[in-house]
Amino acid sequence: MTGNKRLGIGFVGSGFNARFHLQGLQTVRDADVLGVWSPNGKHAEDMAARARRLDLGPAKAHRSIAEMVADPGVDALWLCGPNQARIENVEEIVDAVTRGKGALKGIACEKPLARNVAEAQRVTELVKKAGLAHGYLENQLFAPAVSHGRAIIWARGASLTGRPYLARAAEEHSGPHMPWFWRGDLQGGGVLNDMMCHSSLVVRHLLTKPSAPLATVRPVRVTGHIGSLKWSQPAYAKQLQQRMGKEVDYTKRPSEDFASVMIEFATDDGATVLGEATTSWSFVGAGLRLSAELLGPEYSMSWNSLDSPLRLFFSREVKGQSGEDLVEKQNAEMGLMPVISDEAAVYGYEAEDRHFVRVFLGREAPQLTFDDGLEVVKLLMTAYMSAEQGKTLEFPPAGIEKFVPAVAKGTWKP
């Protein structure tokens with residue numbers, strides 16, 4: 001492979017998450033965005049135009065995924081569509097490749113890999129049978145605060161005084177942008193399925209020595225809890241329905257807006273260590289808050305994404321339109337507000353996209369694959385099963401391959 005080879009990227013999906021990847025790819029030197037497919041043609045055209053405006057490449061909208069695979073310039077796909085379309089999207093990709101309509105170097109899939117273990121196994125099996133390289137897109141592992149903090153803690157603290165024994169992570173905001181996220185039957189659950197995929201993997205990552213594989217820190221016991229703290233209250237359920245449409249009815253079919261999980265890990269060096277993760281759609285602060293901690297015998301680290309070095313103050317006389325120009329999931333435009341000046345970098349998209357471009361160009365081994373994504377889904381489903389049974393479960397529990405959460409079935413009652 002020549003040293004000046006570039007990777008041509010096609011996007012499946014054109015939503016909020018995909019646009020973060022466009023921002024991240026601005027700092028990646030050896031990739032071009034060449035294609036976009038979305039079930040909404042206008043959205044695909046808009047995203048392709050956005051990629052061109054950012055000088056990311058001569059991106060164009062495609063009429064189908066198969067057509068994009070057939071484009072000889074497209075080397076890899078970033079799969080950013082909604083959870084409920086995952087299997088259908090992957091089937092179309094794999095069908096096009098196996099029938100010789102096009103060739104791909106790899107496929108990178110956004111979190112979660114799928115809505116439950118059976119679907120995640122299907123997606124993984126399809127991609128492997130097609131002989132495609134695969135990467136699991138988990139941006140928070142690549143957040144500079146996480147990667148740098150972890151590296152220094154292990155190099156200075158753990159090497160001299162012993163390994164870390166407790167990691168905490170949280171992702172909290174006031175709720176998703178689009179109606180399908182709020183529907184358990186489409187998304188596969190609530191905030192646990194949507195965001196615990198981040199936090200549960202962050203704690204395992206922090207507890208894993210940087211030079212070692214994730215398999216050296218194995219989950220053995222899981223305790224999950226879910227609740228609907230805000231959005232099933234009648235006044236807020238009504239407000240949510242007005243914003244998201246009549247199909248989102250939290251008086252009848254709620255999803256959890258808060259989840260916690262305690263994970264007991266067994267390490268290859270014989271230690272028992274703990275990971276504590278929480279996620280929320282009922283957090284009302286300045287906006288999205290990511291946080292993490294890592295604690296050991298003589299050291300600790302902590303990160304809070306809202307502890308920004310840039311803050312702005314607006315008096316009550318400043319009555320502008322609501323927006324997200326200060327921080328993702330912004331909740332206010334008045335008072336003292338933090339500003340995240342480069343969200344794509346702070347949240348890890350830049351480093352993540354750089355890594356997987358290099359993976360598919362054959363320059364690095366993948367840090368995360370679909371196998372890791374499948375393991376995350378197993379852990380999420382175990383957390384749901386634990387919450388439903390009200391007890392700690394050994395991991396993986398019997399029957400996890402066929403388990404579907406009550407939230408996804410529409411039968412969960414807070």
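Only heavy atoms go into these numbers, but all of them, side chains included; no hydrogens, no water, no symmetry mates.
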Working for side-chain contact (heavy atoms from CB on, under 4.5 Å), residues L192 and V407: CA-CA 10 Å; L192 194 158; V407 177; over 6 Å; no
Note, P219 side chain near E375 side chain (heavy atom, < 4.5 Å): yes
Verdict with supporting geometry, R122 and E125, salt bridge (charged side-chain N to carboxylate O under 4.0 Å, His left out): CA-CA 5 Å; R122 173 70 173 152; E125 176 186 279; 3.5 Å; yes
Separation of L113 CG from E138 CD (nearest 0.5 Å): 12.0 Å
Sub-4.5 Å side-chain heavy-atom contact between N83 and P112: yes
Sidechain N-carboxylate O distance under 4.0 Å for D269, K209: no
Stepwise side-chain contact (heavy atoms from CB on, under 4.5 Å) check, R183 with M244: CA-CA 10 Å; R183 290 181 53 183; M244 294 293 165; over 6 Å; no
NZ/NE/NH1/NH2 to OD/OE distance under 4.0 Å, D46 and R19: no
Heavy-atom donor-acceptor pair, D372 side chain to T369 backbone, under 3.5 Å: yes
Residue pairs fulfilling ring pair (Phe, Tyr, Trp, His ring centres under 6.0 Å) with at least one residue in residues 100-136, sequence neighbours excluded: H134-F370
Between D194 and Q187, a side-chain donor and acceptor under 3.5 Å: no
Residues in side-chain contact (heavy atoms from CB on, under 4.5 Å) contact with H177, at least two apart in sequence or another chain: F16, E324, K329
R218 and D268 ion-paired at < 4.0 Å: yes
